[in-house]
Colleague: 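Quick one: the structure is below, questions incoming.
Below, all heavy atoms of this structure are taken into account, side chains as well, without hydrogens, waters or symmetry copies.
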Amino acid sequence: MVFFYLTNFLPGDEGHEVHVQGCPEMPSMDSLTYLGPFNNCHEALRSAERKFSEVSVCPHCCSLQSKTIFSSDD
């Protein structure tokens, strides 16, 4: 699992943006809200949309086409 963060605001109050921990485009930690661990960006985005209205994903570290990061070989 990977840890995800949400920007508290974007310039011009355009909304919030989901980032993977370690994203080079992520603002400083004092400008972020911790979302939690998720398997992929899509799960993190769904969680953020339950709390905030204007939410998008970072084009540098997240892609809705991304595959599951953690998988189990049962």
Colleague: Where do Asn39 and Met1 come nearest, in terms of heavy atoms and distance?
Modeller: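 Looking at all heavy atoms of both residues, the closest pair is OD1-CE, 3.4 Å.
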Colleague: Is it true that Phe38 and Tyr5 fall in one hydrophobic cluster, defined by side-chain heavy atoms closer than 4.5 Å?
Modeller: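 Cluster IDs for Phe38 and Tyr5 differ.
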Colleague: For Leu6 versus Ala48, what's the shortest heavy-atom pair and its separation?
Modeller: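 So the two residues come closest at CD1-CB, 4.1 Å.
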Colleague: Can you list the residues that meet the ring-ring contact (aromatic ring centres under 6.0 Å, His included) rule with Phe3, with sequence neighbours excluded?
Modeller: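 So Phe3 forms no ring-ring contact (aromatic ring centres under 6.0 Å, His included) with any residue.
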Colleague: Do the non-hydrogen side-chain atoms of Val20 and Phe4 ever get within less than 4.5 Å of each other?
Modeller: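 The answer is yes; the side chains approach within 4.5 Å.
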Colleague: For a quick test of your reading: what N or O donor-acceptor pairs under 3.5 Å do the side chains of residues 26-35 make, sequence neighbours left out?
Modeller:
{"unit_1": "Ser28", "atom_1": "OG", "unit_2": "Asp30", "atom_2": "OD1", "d": "2.3"}
{"unit_1": "Thr33", "atom_1": "OG1", "unit_2": "Asn8", "atom_2": "OD1", "d": "2.5"}

Colleague: What's the spacing between Lys51 NZ and Arg46 CZ if we round to 0.5 Å?
Modeller: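 That separation rounds to 13.0 Å.
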Colleague: Enumerate the side-chain hydrogen bond (donor to acceptor under 3.5 Å, both in side chains) contacts for residues 18-27, please, sequence neighbours excluded, ordered by first and then second residue.
Modeller: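 Non-adjacent pairs meeting side-chain hydrogen bond (donor to acceptor under 3.5 Å, both in side chains): Glu17-His19.
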Colleague: Could you measure the distance from the SG atom of Cys62 to the NE2 atom of His42? Nearest 0.5 Å is fine.
Modeller: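 Atom-to-atom, Cys62:SG and His42:NE2 are 12.0 Å apart.
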